[in-house]
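Counting starts at 1 for both ligands and their atoms, in listed order.
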Amino acid sequence: MIDPLEIPIRAEQIPSYAMPGDAGADLRSTESVLLAPGERRLVGTGVSIALPEGFAAFVMPRSGLAAKHGVTVVNAPGTVDAGYRGEIKVALLNTDRSSAFQVESGDRIAQLVVMPVVRAEFVAVDELPESSRGAGGFGSTGVRDA
Ligand SMILES: O=c1ccn([C@H]2C[C@H](O)[C@@H](COP(=O)(O)OP(=O)(O)OP(=O)(O)O)O2)c(=O)[nH]1
Ligand SMILES: [Mg+2]
């Protein structure tokens, strides 16, 4: 097993993993907000972190909120850069067409997944190396097996 990564944090409520082995630590709202059908809102979590270089954190939707209420993160996954020291916020979107969604302060509204990331060095070339996929994309392999 890989040792947990120590991340300095300032928070009213420290994000917590609901179960051992979970990838995402739940982020809690610091506000109570009523999201009308179709409405999006930047919601505070009161959490600021100092990620080591070479890591990023991603603000991901929670599947229960998505499946039961149509509530998701509009920019999912939101990217938290290693150098960001501000408050992590969640751009919540209520996709439901008819029901409003009430967020109370303390509710777990999204989850934070920490991952290693590589920084690219982009090297301009005239031709890219060939591949099996080539330029095929956007459904080029179809949906249903024949
Ligand atoms: O869901 C998110 C996404 C981003 N951020 C914070 C951390 C991140 O490091 C910073 C910038 O995010 P991003 O690069 O996605 O936004 P941008 O629109 O490109 O803004 P900027 O010009 O500040 O980079 O905003 C959040 O708190 N929540
Ligand atoms: Mg940016």
Colleague: Minimum heavy-atom separation for N75 to A91, with atom names?
Modeller: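 Smallest interatomic distance, heavy atoms only, reads OD1-CB, 3.7 Å.
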
Colleague: Please check if the number of heavy atoms outside R10 that lie under 6.0 Å from its CZ is greater than 12.
Modeller: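 Not more than 12 within 6.0 Å, no.
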
Colleague: Can you tell me which residues line ligand 1 if we count any heavy atom under 4.0 angstrom from one of its atoms, in chain and number order?
Modeller: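 Under the 4.0 Å cut-off, ligand 1 touches V59, N75, G78, T79, V80, D81, Y84, E87, I88, K89.
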
Colleague: List the atom of L35, the atom of R40, and the distance in Å for their closest heavy-atom pair.
Modeller: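 Scanning both residues completely, I find the closest heavy atoms to be CD2-C, 4.2 Å.
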
Colleague: With a 4.0 Å cut-off, would you call R62 and D26 a salt bridge?
Modeller: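 Salt bridge flag = yes for D26 with R62.
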
Colleague: Same hydrophobic cluster for L42 and V74, using side-chain heavy-atom links shorter than 4.5 Å among ILVMFWY?
Modeller: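 Result: no, two separate clusters.
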
Colleague: Would you sort out whether E121 and R119 count as a salt bridge (Lys or Arg N to Asp or Glu O under 4.0 Å), showing the intermediate values?
Modeller: CA-CA 7 Å; E121 183 192 347; R119 196 173 164 94; over 6 Å; no

